[in-house]
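Below you'll find the structure, written out as structure tokens, and then a few comments.
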Amino acid sequence: MEIRSVGFIGLGAMGLPMAKNLIKNGFELHVSAHRNRGPVEELTKFGAIEHESAGEIVSNCQVLISILPADHEMEAVLLSEDTLGRITPDHILIEMTSGSPEMMKKVNNAYHEKGARVLDAPVSGGTIGAENGTLTVMAGGDTELLEDCRHLLNAMAENIYLVGAIGAGKAIKAINQMLAGIHMAAAAEAVALAEKLEIDKEVVKQVVGKSSGASWMLENKFDTLSERNYAPGFKLNLMKKDIQIAVNEGAEKVLPLASYVLELFEKESQENGELDFAVIGKKLLS
């Protein structure tokens with residue numbers, strides 16, 4: 001099938017650059033403002049079409065993409081009468097929120113009853129990946145649907161994986177975020193130790209980056225930590241939420257390391273929850 005008209009709900013730090021890439025790749029984009037008009041005004045300058053509500057977006061698109069903060073927003077927006085009431089069998093929902101598998105299945109069931117097709121497709125790669133169109137998509141759902149949406153996803157992502165049924169995408173994302181949070185805390189300790197031992201930071205990056213201690217966080221967040229630059233990218237509160245999903249899903253098998261790191265994030269969120277999640281290293285690096 002040929003997809004041309006796309007509705008986009010959730011124009012935050014990830015969603016805004018992703019939406020821009022859709023316009024750059026020739027898709028007709030439909031958006032609406034929530035609390036902040038800035039992202040919508042920015043997108044309309046590039047040709048996006050503004051609507052009054054999420055429901056109006058639905059009425060004007062073939063594919064609806066949502067990337068929201070958490071389960072609460074998924075339920076409030078996607079299962080509202082204004083949105084769900086306008087879903088038809090001709091619609092596709094691509095749900096990209098870092099939410100729980102349980103909420104994803106709830107949304108899928110509601111949309112399935114309307115005859116719509118759903119792809120559970122959270123992403124990884126951070127705001128840099130969102131800007132560059134190099135994200136990784138972890139898709140749960142039907143193979144045929146993924147192929148129907150591949151051209152659309154390619155406008156935002158470099159790596160696209162089918163990981164299982166609906167809910168599997170959210171599950172893989174929870175595992176990824178659990179590791180990302182742990183690795184960020186470990187990277188902060190590495191920077192702190194390098195500074196204490198007066199080791200050249202570029203040498204640490206280069207040597208460890210080619211050794212068994214390498215990680216994406218060490219490579220991509222080393223400078224952020226070294227420079228104490230905690231300007232919001234992916235906010236600490238969102239990472240805390242994502243690690244909490246992993247800990248909740250593993251409740252019957254206690255995850256001691258994830259649980260400990262979650263405690264660190266919870267403490268830091270009291271003062272710095274709206275800063276980049278690299279701020280988890282702030283006290284250690286002070």
Side-chain angles (χ1 to χ4, degrees), residues 1-70 73-74 76-78 80 82-84 86-88 90-99 119 121-137 148-160 220 224 229-238 274-278:
M1 64 177 293
E2 183 179 7
I3 298 171
R4 299 315 314 163
S5 59
V6 180
F8 207 107
I9 298 175
L11 300 173
M14 293 290 289
L16 177 58
M18 291 165 69
K20 284 182 180 178
N21 282 326
L22 290 175
I23 296 175
K24 290 176 184 176
N25 281 272
F27 291 96
E28 178 184 287
L29 192 71
H30 298 264
V31 296
S32 68
H34 183 43
R35 294 189 183 91
N36 180 10
R37 284 200 51 79
V40 168
E41 292 174 356
E42 190 170 345
L43 289 170
T44 53
K45 291 177 182 177
F46 290 100
I49 301 167
E50 182 179 1
H51 299 281
E52 290 295 321
S53 68
E56 284 192 21
I57 291 176
V58 172
S59 297
N60 287 277
C61 71
Q62 296 166 279
V63 176
L64 179 65
I65 295 175
S66 55
I67 181 164
L68 298 160
E73 290 80 6
M74 284 176 66
V77 176
L78 298 178
S80 69
D82 182 45
T83 303
L84 186 59
R86 305 197 200 198
I87 292 292
T88 73
D90 294 326
H91 280 106
I92 294 171
L93 171 66
I94 301 178
E95 214 306 300
M96 296 181 140
T97 303
S98 294
L119 202 61
V123 295
S124 181
T127 53
I128 294 173
E131 291 166 4
N132 295 333
T134 57
L135 295 170
T136 294
V137 174
D148 285 344
C149 297
R150 187 172 291 276
H151 177 59
L152 172 61
L153 294 172
N154 280 336
M156 302 177 287
E158 191 171 75
N159 305 294
I160 301 169
N220 289 275
T224 297
N229 176 14
Y230 308 123
F234 189 76
K235 294 180 181 180
L236 183 136
N237 278 337
L238 293 177
E274 292 301 297
L275 298 179
D276 188 273
F277 76 109

* Structure fact -> Taken in chain and number order and not counting sequence neighbours, the residues that satisfy salt bridge (charged side-chain N to carboxylate O under 4.0 Å, His left out) with R150 are E147
* Which residues satisfy the salt bridge (charged side-chain N to carboxylate O under 4.0 Å, His left out) test with E158, sequence neighbours excluded? ->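 Salt bridge (charged side-chain N to carboxylate O under 4.0 Å, His left out) list for E158, sorted by chain: empty.
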Beyond-backbone contact of [X] with [Y], side-chain heavy atoms, under 4.5 angstrom:
| X | Y | value |
| --- | --- | --- |
| I65 | M18 | no |
| L238 | P69 | yes |
| I87 | L93 | no |
| V137 | L119 | no |
| M14 | M96 | no |
| H91 | V58 | yes |
| S66 | V77 | no |
| F27 | H151 | yes |

Heavy-atom closest contact ([X] atom, [Y] atom, distance):
| X | Y | answer |
| --- | --- | --- |
| A130 | L135 | N-CD2, 3.4 Å |
| A54 | I9 | CB-CD1, 3.8 Å |
| A70 | T97 | N-CG2, 4.0 Å |
| V63 | C61 | O-SG, 3.4 Å |
| L68 | G10 | CD2-CA, 4.2 Å |
| E274 | K235 | OE1-NZ, 2.9 Å |

* To do: Name all pairs fulfilling the salt bridge (charged side-chain N to carboxylate O under 4.0 Å, His left out) condition that reach into residues 7-22, sequence neighbours left out, sorted by first residue then second.
  =>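 Non-adjacent pairs meeting salt bridge (charged side-chain N to carboxylate O under 4.0 Å, His left out): K20-E42.
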To the nearest 0.5 Å, what is the distance between [atom1] ([X]) and [atom2] ([Y])?
| X | Y | atom1 | atom2 | value |
| --- | --- | --- | --- | --- |
| D82 | I57 | CG | CD1 | 9.5 Å |
| N154 | C149 | CG | SG | 11.0 Å |
| F46 | L22 | CZ | CG | 13.5 Å |
| N60 | L29 | CG | CG | 12.0 Å |
| I67 | I94 | CD1 | CD1 | 11.5 Å |
| I92 | L152 | CD1 | CG | 8.5 Å |

Between the main-chain N or O of [Y] and the side-chain N or O of [X], is there a donor-acceptor pair closer than 3.5 Å?
| X | Y | value |
| --- | --- | --- |
| E131 | I128 | no |
| N229 | A231 | yes |
| N21 | M156 | no |

* To do: Take Q62 and E28 through the test side-chain contact (heavy atoms from CB on, under 4.5 Å) and record every step on the way to the result.
  => CA-CA 10 Å; Q62 296 166 279; E28 178 184 287; over 6 Å; no
* **Derivation of the side-chain contact (heavy atoms from CB on, under 4.5 Å) call for H30 and F8** => CA-CA 6 Å; H30 298 264; F8 207 107; over 6 Å; no
* To do: Before giving the answer on side-chain contact (heavy atoms from CB on, under 4.5 Å), spell out for E50 and E41 the whole-Å C-alpha distance, their side-chain angles and the decisive distance to 0.1 Å.
  => CA-CA 9 Å; E50 182 179 1; E41 292 174 356; over 6 Å; no
* From CA spacing to verdict: side-chain contact (heavy atoms from CB on, under 4.5 Å), L11, L43 -> CA-CA 10 Å; L11 300 173; L43 289 170; 3.8 Å; yes
